[in-house]
Enquirer: 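Handing you a structure now.
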Amino acid sequence: MTINFHPPDYKPAIIFATTQRCNYRCMMCPWSDPEKRKELTIKDPTMSIELFRRVLEEVMPYCSFISLTSNGEFLMDPFLKERLSILGEVLRNHPDVRLFTITNASMLTAEKLSQLKGLHKAGFTISIESTDALTYASIRRPGVLSPVLKNIRSLRSTLSEIGIDDVQLQINAVMMKSTIFSLPGLLHLAKDVNAILFVDHCQGYGNQEMDRESLFNFPVFTNLFFDKCQKLAQRLNVPLNRPPSFAVSPAEVKEYHEARKNKDKSRYCSQLSKTGPINILSNGNVIACCQTLVLGNVNERPFKEIFFSPKFLKHRQAIADGHPLPPCDHCRWLERGNPYLYESSDYDVHVPVESRNLDPNPDFEKEGFFDWLDDLSEEQIRRHLRDDYSTKAEILSSSGIEEEIEAIEMAQSSNRTIAGMIKHNAKVIIYPAGRLTAWLLRNSLVSELNILGIADKSIAHTEKYFEGYRLLPAEMISTLKPDAVLVTSNLFRDQICRELSYLEKEDIKIIPLYK
């Protein structure tokens, strides 16, 4: 029977490699290499509409997310309009499946997004390395930052206008010499747009420029800087997914090697057992995760048969036994579960241990942290700075100052709301359970309230706890007879207040923390 073939929560993301075309030539991407670019241009692997239409319907029972391309810009697809029309039709019939695709956001305009109208929920992984105009221009060539930031900051409201309010965002950034000082700015951007921030080191792809750019060259400084940014992320309530620290001391290096040598150590691959992705290439090959583990071809067998391929069990078991099979035996994602990074070859870069700078405060100028400025002409610098200043001036003169005032007033209003409830010892249920609620319980006066429990509509059992408080389903709220329900979500505030409005007939106040 196939019912227990996969883990019960295995509903992977499925990526259709619809196109590899891209409008950027980023320094850390194969598209920046002339030879690789020539090869990609000649091959131009674009998925046919026929294949896409046929397989899209087949994969729906088995996935949680659908994504278009992973190695290009999905908006460069020559069949984009027809493809999105097909996708919208299928997803409207499968409201539990989310479109969650990768983009550099340069083309993520209201006009393009209007083609998603009718979807129930969406998500975007946005690739951006800096919120500084010149740094961005040096990395994401020939990009201009200001329209990209405009697209990102307006994304939620633009989607809301076409009826998509359930939106998840993730920001991806490659950290290297040129971009590491952009990390705090990216954290603030993630805070502003309510996004997860995922950062990783650059991969070499055989590009020697990445050997020089890699932060493997500066392990002590990188560890200290990442740790500082981790603390900032916690204060900002921004989830920061970062790689492990570099092993530096003899004890750390020993622990690293012991973890690598311990072939009997039980391991777990979330990509094969929980999240995916499963990639469907333009030629029909189905590949598990981001490696080269080919499970089958949809031109030869139905996707259902491939999804239950014995290779899944074989590779999962080998990983669990501590003896991963190729290509899993050299997967950097499995090594990411180790306590440290040390061998630069994990990222396909060559940074010998003896050449690494162990200074916690290296000479940034001497070490070339800002050499990228030499690659920009005076004309380019003037143009990017002029555009950046012009955009900032436009924001400040229109709504920027008012938005800052509104944010301050919102914070003050929230503090008054909490203080009033504490003063009257009001019995409170907090709704919903989530990242923001957890942060408030750890970092604000919310923890001083007389809290009966944390409610959420997705909770089915009452014998669970959230941040030490009883977790209960929404239908149990009235049985506890609270004085009020404190709605801590800002993003879904209005929707939640409408859903809970029936409680007001029972003299239970619905109080949004953010008004």
Side-chain angles (χ1 to χ4, degrees), residues 92-98 117-123 156-157 159-169 194 237 403 406-515:
R92 280 189 285 275
N93 295 324
H94 296 84
D96 292 334
V97 179
R98 183 186 301 271
K117 187 174 183 179
L119 298 189
H120 299 275
K121 49 189 180 181
R156 288 189 182 277
S157 59
L159 290 170
S160 181
E161 289 174 3
I162 59 172
I164 306 176
D165 290 313
D166 188 346
V167 180
Q168 294 180 7
L169 298 181
N194 191 22
N237 187 29
E403 288 176 357
E406 183 181 348
I408 294 171
E409 291 177 344
M410 183 183 293
Q412 292 173 339
S413 174
S414 299
N415 288 336
R416 287 194 296 269
T417 298
I418 297 170
M421 298 172 82
I422 293 173
K423 180 180 178 180
H424 293 95
N425 195 32
K427 294 181 293 183
V428 178
I429 287 178
I430 297 178
Y431 190 105
R435 195 178 77 219
L436 179 56
T437 296
W439 185 86
L440 289 167
L441 289 168
R442 293 193 297 265
N443 299 281
S444 76
L445 287 173
V446 167
S447 62
E448 302 297 321
L449 291 168
N450 181 8
I451 301 173
L452 302 181
I454 314 295
D456 200 299
K457 66 179 179 181
S458 61
I459 303 303
H461 304 288
T462 59
E463 62 274 15
K464 296 180 180 179
Y465 290 85
F466 181 84
E467 295 292 319
Y469 296 92
R470 183 182 177 188
L471 191 59
L472 50 123
E475 57 267 23
M476 281 192 63
I477 292 176
S478 59
T479 64
L480 295 179
K481 302 187 183 305
D483 297 309
V485 175
L486 183 65
V487 178
T488 54
S489 172
N490 185 29
L491 200 58
F492 300 107
R493 176 194 60 207
D494 296 339
Q495 177 184 337
I496 291 172
C497 288
R498 285 195 302 270
E499 292 175 353
L500 299 179
S501 60
Y502 70 93
L503 293 170
E504 293 179 333
K505 297 177 182 179
E506 302 178 37
D507 294 326
I508 299 173
K509 295 180 180 179
I510 309 301
I511 302 177
L513 181 58
Y514 303 102
K515 299 180 180 179

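From a predicted model like this one, the values you see are computed outputs, not experimental measurements.
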Enquirer: Closest approach of Gly118 and Arg92, non-hydrogen atoms and distance?
Expert: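 Closest approach of Gly118 to Arg92: O-CG, 3.1 Å.
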Enquirer: Is a side-chain donor-acceptor pair under 3.5 Å present for Asn194 with Arg435?
Expert: yes
Enquirer: When you look at CD of Glu406, are more than 12 heavy atoms from neighbouring residues, nucleotides or ligands closer to it than 6.0 Å?
Expert: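 Counting neighbours around CD of Glu406, 12 or fewer heavy atoms of other residues, nucleotides or ligands fall under 6.0 Å, so no.
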Enquirer: In Å and rounded to the nearest 0.5 Å, what is the CD to CG distance from Glu448 to Leu441?
Expert: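 Reported value, rounded in 0.5 Å steps: 11.0 Å.
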Enquirer: If you take all heavy atoms of Tyr469 and Ser447, which pair is closest and at what distance?
Expert: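 For Tyr469 and Ser447, the tightest heavy-atom pair comes out as OH-O, 3.8 Å.
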Enquirer: List the atom of Ile508, the atom of Pro482, and the distance in Å for their closest heavy-atom pair.
Expert: CG1-O, 3.5 Å
Enquirer: Quick check on side-chain contact (heavy atoms from CB on, under 4.5 Å): which of Leu159, Val167, Asp166 does Lys121 satisfy it with?
Expert: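 Per the side-chain contact (heavy atoms from CB on, under 4.5 Å) rule, the option paired with Lys121 is Asp166, out of Leu159, Val167, Asp166.
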Enquirer: If you define the side chain from C-beta out and look only at heavy atoms, does anything of Ile422 sit under 4.5 Å from Leu449?
Expert: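 Contact flag for Ile422/Leu449 side chains = yes.
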Enquirer: Which heavy-atom pair separates Glu506 from Ser478 by the least distance, and what is that distance?
Expert: OE1-CB, 3.0 Å
Enquirer: Could you check Ile454, Ile430, Leu472, Asp456 and say which one makes a side-chain contact (heavy atoms from CB on, under 4.5 Å) with Phe466?
Expert: Ile454
Enquirer: Supply the atom-to-atom distance Leu503 CG to Ile510 CD1, rounded to the nearest 0.5 angstrom.
Expert: 4.5 Å
Enquirer: I need the Leu513 CG to Ser444 OG distance, nearest 0.5 Å.
Expert: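 One gets 7.5 Å once the value is rounded to the nearest 0.5 Å.
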Enquirer: Which heavy atom of Asn450 sits nearest a heavy atom of Ala426, and at what distance?
Expert: CB-O, 3.3 Å
Enquirer: Does the pair Leu500 and Ile477 meet the rule for a side-chain contact (heavy atoms from CB on, under 4.5 Å), with working shown?
Expert: CA-CA 10 Å; Leu500 299 179; Ile477 292 176; 4.3 Å; yes
Enquirer: Measuring from Asn490:CG to Leu436:CG, what's the distance to the nearest 0.5 Å?
Expert: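 Reported to 0.5 Å precision, the distance equals 8.0 Å.
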Enquirer: May I ask you to test the Arg470-Met476 pair for a side-chain heavy-atom distance under 4.5 Å?
Expert: yes
Enquirer: Distance from Arg156 atom CZ to Asp165 atom CG, nearest 0.5 Å?
Expert: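 Arg156 CZ to Asp165 CG: 10.0 Å, rounded to 0.5 Å.
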Enquirer: Apply side-chain contact (heavy atoms from CB on, under 4.5 Å) to residues Met421 and Ile511 and explain how you reach the verdict.
Expert: CA-CA 10 Å; Met421 298 172 82; Ile511 302 177; 4.2 Å; yes
Enquirer: How close do Arg98 and Ala122 get, counting heavy atoms only, and between which atoms?
Expert: NH1-O, 2.9 Å
Enquirer: Rounded to the nearest 0.5 Å, what separation is found between the CZ atom of Arg416 and the NZ atom of Lys423?
Expert: 14.0 Å
Enquirer: Would you confirm whether Arg493, through its side chain, and Tyr514, through its main-chain N or O, come within 3.5 Å as a donor-acceptor pair?
Expert: yes
Enquirer: Give a yes or no on whether the backbone of Met410 and the side-chain of Ser414 come within a donor-acceptor separation of less than 3.5 Å.
Expert: yes
